[in-house]
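Let me begin by presenting the structure, written as C-alpha cells, before commenting on it.
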Amino acid sequence: MVRLAVLASGSGTNLGALLEAAADPGYPCDVSLVVSDVPGCGALARADAAGVETAVVTWADHGGDRRAFTAAIVDELRRRDVELVALAGFMRILDAGIVDAYPNAILNTHPSLLPAFRGAHAVNEALDAGVKVTGVTVHVVDEKVDHGPIVAQACVAVDDDDSPETLHERIKAVEHELFPRVVADWARGTFAVEGTRVRRRAVARRT
Ligand code: GRF
C-alpha cells in the first residue's frame, strides 16, 4: 500500500474523489496525510470527516519565504513516511526542494490541456481565448509551474453559454475520475517517466 499525501487549498472535491477511491480495498494507496495552507478550508473538513491526519502549513507562518514554506511541508511528509504526493488544488507555488525530496513522485491535476493555460486562471483564460475544447491534465511535477511529464489528459467541450463556474464544474467532474486513476497507476507502477515523456509499462513494477 503506497502512502499518499494530498495537498489542497480549496473546497477539496478532488481530495474527496481520492478518499472515495481509497475507500475501496483494492485501491493501491492509503491517504495518510492531507496538508493545506488554508486553515478551515473544505479540504481539511473532508479529511477530518474521513479520519485522515491533517497538517496546516501557512505561507504567513513562514514569512512568505518559499523555501522555508516548502521545507516545512516536506518535513510533514517525511514524518509520515509519505511516498507519493498528489497536488489537488494546492494554490501555492512550491520551491524545487519538494521535487528533490520526491523525484517523479508528485502528481498534479490541472484544469486545462497543458501546455495551454498554465497557472491559477486556466478556466477563465480558456473561455477568454474562445477555445472550443479544453480539459484536464494530470502530470508529474517538475521544477516549473504546471509543467512536467504528462501522464494523462481528457477533453471537455466548451459550450457557448458556459460561465467559468459551469465549465469548471464539468472539468472537475472529469478530474474526479482521471486523477484517482492516475494516482493508482503510479502506485501500481504502470507507467514510467522517460525524460519529458511518460510511457506505459507492459508489466507493473509495484503491486
Ligand atoms: C481543480 O480544478 C484543480 O485542477 C485546480 O483547482 C481545482 C481544485 O478543486 N488546480 P477542488 O478544491 O478539488 O474542488
Side-chain angles (χ1 to χ4, degrees), residues 4-23 27 29 31 33-50 52 54-59 69-70 73 84-94 98-99 106-129 131 133-142 144-159 162-186:
L4 170 71
V6 182
L7 273 57
S9 308
S11 63
T13 63
N14 280 286
L15 167 64
L18 287 164
L19 289 168
E20 203 174 302
Y27 197 76
C29 301
V31 183
L33 177 68
V34 171
V35 181
S36 183
D37 60 317
V38 179
C41 72
L44 287 170
R46 285 175 198 268
D48 285 342
V52 172
T54 60
V56 176
V57 179
T58 70
W59 184 243
F69 173 72
T70 305
I73 291 175
L84 173 63
V85 180
L87 304 183
F90 190 71
M91 300 311 281
R92 288 276 174 197
I93 295 171
L94 292 163
I98 195 164
V99 180
I106 308 169
L107 298 170
N108 181 43
T109 178
H110 182 75
S112 77
L113 295 174
L114 291 174
F117 312 123
R118 293 193 166 107
H121 307 289
V123 179
N124 290 63
E125 287 176 11
L127 279 174
D128 289 347
V131 296
V133 176
T134 182
V136 175
T137 301
V138 180
H139 66 97
V140 176
V141 171
D142 68 8
K144 297 184 194 153
V145 177
D146 296 328
H147 189 275
I150 292 171
V151 186
Q153 293 186 301
C155 297
V156 174
V158 179
D159 292 342
D162 263 330
S163 65
E165 293 73 27
T166 59
L167 179 57
H168 202 173
E169 201 160 314
R170 290 204 311 291
I171 288 173
K172 281 194 189 191
V174 173
E175 290 187 291
H176 298 163
E177 192 268 323
L178 194 64
F179 200 30
R181 188 145 54 81
V182 172
V183 166
D185 283 347
W186 188 99

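Each ligand, and each atom within it, is numbered from 1 in the order the structure gives. Residue numbers run from 1 in the order of the sequence given.
Remark: minimum distance from atom 5 (C) of ligand 1 to any protein heavy atom is reached at Pro111 CD, 3.9 Å. The closest protein non-hydrogen atom to atom 3 (C) of ligand 1 is Glu175 OE2, 3.4 Å. Given atom 12 (O) of ligand 1, the protein heavy atom at minimum distance is Gly12 N, 2.8 Å. Ranking the protein heavy atoms by distance from atom 14 (O) of ligand 1 puts Thr13 OG1, 2.5 Å first.
Near His168, the atoms of ligand 1 lying under 4.0 angstrom from a non-hydrogen atom of the residue are 1 (C), 2 (O), 7 (C). Within the listing of ligand 1, atoms 6 (O), 8 (C), 10 (N) sit less than 4.0 angstrom from a heavy atom of Gly89. The ligand atoms of ligand 1 that sit less than 4.0 angstrom from a heavy atom of Lys172 are 2 (O), 9 (O), 11 (P), 14 (O).
Side-chain atoms of Ser112 never come within 3.5 Å of backbone atoms of Ala122 as a donor-acceptor pair (strictly under, hydrogens ignored). Proximity of a side-chain donor or acceptor of Arg118 to a complementary backbone N or O of His110 within less than 3.5 Å is not detected.
The shell of residues lying under 4.0 angstrom from ligand 1, judged by heavy atoms, includes Ser11.
In this structure, Phe90 and Phe69 have parallel ring planes: the angle between them is below the 30° cut-off, well short of the 60° mark.
For the pairing with Leu167, the side chain to side chain contact (heavy atoms under 4.5 Å, CB included) check across Arg170, Glu169, Glu165 returns one residue only, Arg170. The residue from Lys172, His176, His139, Glu175 that alone fulfils the side chain to side chain donor-acceptor pair (under 3.5 Å) condition with Thr109 is Glu175.
When all heavy atoms of Ala43 and Leu15 are compared, the pair lying nearest together is O-CD2, 3.2 Å.
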